[in-house]
Q: 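Handing you a structure now.
We number each residue from 1, following the sequence as shown. Atom set for the values below is all heavy atoms of this structure, side chains included, hydrogens, waters and symmetry mates excluded.
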Amino acid sequence: MDRLVDLTGGDLPQFPAVIRRTRYLFTGIVQGVGFRPFIYRTAREYGLTGWVQNRADGVWAEVEGTASALAAFKEDVISNPPPLAEVAISLAVDLLPTGEGGFQILESEGGEARKVHISPDIAVCDDCLAELFNPADRRHRYPFINCTNCGPRLTIINDIPYDRARTSMACFPMCPACRQEFEDPANRRFHAEPNACPACGPKLRLLDGDGQAIPTADPLRKAVAALKQGDIVAVKGLGGFHLAVDATNEEAVQKLRARKLREEKPFAIMVRDLAAAREITDISFEEERLLQTPQRPIVLLHKKDQAAIASSVAPGVDTFGVMLPYTPLHHLLLQEFQALVMTSANKS
């Protein structure tokens, strides 16, 4: 045994730290928000061993290590979870240590107790946007870019626990490059279930009014051209369709009103960015903050005089209902426009 020398010159034994093991059940919004990768990295940071696993009733974990490391781990989980997570500890049970080595993310398990909350869809993050518009990036202009911190969640899930095999992404096997990201703890796409790229993920299509595919090498540019010439384009979002027209084109907006049988009710508009919102509205600091929240709400903003928006967008009122782009496809479309009308494609 290692020995220490005390001040009197005698030897004192150095006792090994006591090892403990705790089992946790984490509930709340803990699936689809990067929570398992967070647990994995936090456990490794404190030298803990064990595992973490998605189940139908939440996220389960067992962690083993010194009492001080376990306490620090618990504090981090509660105080510094991923930005979009909402975490509660529904169970914490002490177990006998097993002496296992390493920490791992186990394959998910189903079950009858379906109590887990799934994250809502999340607006594309700044990191993904930087890649989207970077010509050197392999996901340049890829309209389905996402990562652990953003992208589709609730609208793509078919069953719980939340794993790719239980989502609409199941039919898109990851290519080797995406798989490497998915399995790399240092990558922000570590266990990002909708991870995809142009080589392996969904692709855009453009259909005509009868639902027939329009032959084109670039559906996005063809759709932009249609909007510029005053056509109505149905844009698939995460959960449904918007009918879109150029919000500065009075004739196009009037045509949309006639098709929708919507005589006066204001249309919501999606603006390119905050600068575009400032050009057409008297927007406050608090309203700017609301526009940029992950939920990307429609915010009522007071119109500026002489705003370059078609008068029939919001007739008879002094406000516009404004939202920011929240999918990569929206950002790509809005590059070419100050604002687009985005209204529900539901039948009137």
Side-chain angles (χ1 to χ4, degrees), residues 19-98 100 102-122 125 146-154 156-167 182-195 294-295:
I19 300 299
R20 303 178 184 276
R21 187 178 185 90
T22 303
R23 175 183 294 165
Y24 289 106
L25 168 58
F26 301 106
T27 56
I29 299 180
V30 290
Q31 294 191 19
V33 291
F35 189 67
R36 284 179 302 167
F38 163 73
I39 290 292
Y40 176 92
R41 286 189 288 264
T42 305
R44 288 174 61 97
E45 178 184 348
Y46 292 112
L48 300 173
T49 62
W51 52 263
V52 62
Q53 181 182 48
N54 270 354
R55 296 186 187 176
D57 55 350
V59 172
W60 288 78
E62 290 189 9
V63 287
E64 183 171 318
T66 65
S68 59
L70 288 173
F73 167 84
K74 180 180 178 181
E75 174 63 24
D76 262 11
V77 170
I78 296 301
S79 302
N80 304 301
L84 299 167
E86 295 180 9
V87 184
I89 297 177
S90 293
L91 179 73
V93 179
D94 289 333
L95 305 173
L96 290 175
T98 66
E100 69 182 305
F103 196 92
Q104 57 184 323
I105 297 178
L106 299 182
E107 201 168 309
S108 299
E109 280 188 7
E112 295 181 3
R114 296 167 180 267
K115 299 178 181 178
V116 69
H117 295 269
I118 299 298
S119 165
D121 303 316
I122 303 162
C125 68
N146 69 87
C147 71
T148 308
N149 300 319
C150 70
R153 297 294 189 272
L154 188 61
I156 65 169
I157 195 165
N158 297 320
D159 201 357
I160 54 176
Y162 174 72
D163 282 299
R164 191 183 185 94
R166 298 179 182 88
T167 72
F182 185 85
E183 295 175 351
D184 179 5
N187 195 288
R188 80 174 195 281
R189 293 187 170 94
F190 182 47
H191 278 263
E193 302 300 344
N195 192 25
Q295 295 82 5

Q: Which distance, rounded to the nearest 0.5 Å, do you find between the CG of Asn187 and the CG of Asn195?
A: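 Going from the CG atom of Asn187 to the CG atom of Asn195 covers 8.0 Å.
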Q: Considering all heavy atoms of both residues, which atom of Val59 and which atom of Val52 are nearest to each other, and what is their separation?
A: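 Shortest heavy-atom separation between Val59 and Val52 comes out as CG1-CG2, 3.5 Å.
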Q: Which atom pair, heavy atoms only, marks the closest approach of Thr27 to Ser90?
A: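 So the two residues come closest at OG1-OG, 2.6 Å.
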Q: For salt bridge (charged side-chain N to carboxylate O under 4.0 Å, His left out), just list the numbers for Asp163 and Arg36, CA-CA rounded to whole Å, side-chain angles, deciding distance to a tenth of an Å, and then say yes or no.
A: CA-CA 12 Å; Asp163 282 299; Arg36 284 179 302 167; 3.6 Å; yes
Q: Can any side-chain N or O of Arg41 pair as donor or acceptor with the backbone N or O of Pro185 at less than 3.5 Å?
A: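 At least one qualifying donor-acceptor pair exists.
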Q: Taking atom CG of Asn146 and atom CZ of Arg153, what is their separation to the nearest 0.5 Å?
A: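 Reported value, rounded in 0.5 Å steps: 6.5 Å.
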Q: What's the shortest heavy-atom distance between Tyr162 and Glu193, and which atoms?
A: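 Answer, listing the atom of Tyr162 first, then Glu193: CE2-CG, 3.5 Å.
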Q: So Phe26 and Phe35, would you call those rings parallel, tilted or perpendicular, with 30° and 60° as cut-offs?
A: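 Judged by the thresholds at 30° and 60°, the geometry between Phe26 and Phe35 is perpendicular.
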Q: Which pair of non-hydrogen atoms, one from Leu91 and one from Val93, has the smallest distance, and what is that distance?
A: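 Taking Leu91 first and Val93 second, the nearest heavy atoms are CD1-CG2, 3.5 Å.
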Q: Flag the pair Tyr24 / Val77 as yes when at least one side-chain heavy-atom distance between them is below 4.5 Å, and no otherwise.
A: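 Side chain of Tyr24 against side chain of Val77, heavy atoms only: no contact under 4.5 Å found.
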Q: Rounded at 0.5 Å granularity, tell me how far OH in Tyr46 sits from CD in Glu75.
A: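 Answer for the OH-CD pair, Tyr46 versus Glu75, is 8.5 Å.
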Q: How long is the span from the CD1 atom in Ile89 to the CD1 atom in Ile78, to the nearest 0.5 Å?
A: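 The CD1 atom of Ile89 sits 3.5 Å away from the CD1 atom of Ile78.
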Q: If every non-hydrogen atom of Trp51 is compared with every non-hydrogen atom of Trp60, which pair is closest and at what distance?
A: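 Between these two residues, the closest heavy atoms are CZ3-O, 3.7 Å.
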Q: When you measure from the side chain of Thr148 to the backbone of Arg188, do you find a donor-acceptor pair of N or O atoms at a distance under 3.5 Å?
A: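 Side chain of Thr148 to backbone of Arg188, a donor-acceptor pair under 3.5 Å: yes, one is there.
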Q: For atom CZ of Arg20, is the number of surrounding heavy atoms from other residues, nucleotides or ligands below 6.0 Å larger than 12?
A: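 Incorrect, the count does not exceed 12.
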Q: Run the numbers on Ile19 and Thr66 for side-chain contact (heavy atoms from CB on, under 4.5 Å), then give the verdict.
A: CA-CA 5 Å; Ile19 300 299; Thr66 65; 4.1 Å; yes
Q: With a 3.5 Å distance limit and no angle check, can you tell me whether Gln31 reaches the backbone of Arg55 through a side-chain donor-acceptor pair?
A: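 The answer is yes, because a donor-acceptor pair under 3.5 Å joins these two groups.
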Q: Out of curiosity, His191 NE2 to Arg164 CZ, how far, rounded to the nearest 0.5 Å?
A: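 Reported to 0.5 Å precision, the distance equals 12.5 Å.
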Q: Quick one: pull up CZ in Arg44 and CD1 in Ile39 and give me the separation to the nearest 0.5 Å.
A: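 Going from the CZ atom of Arg44 to the CD1 atom of Ile39 covers 14.0 Å.
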Q: Tell me the closest heavy-atom pair linking Leu70 and Gly65, and the distance in Å.
A: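 Closest approach of Leu70 to Gly65, heavy atoms only: CD1-O, 3.8 Å.
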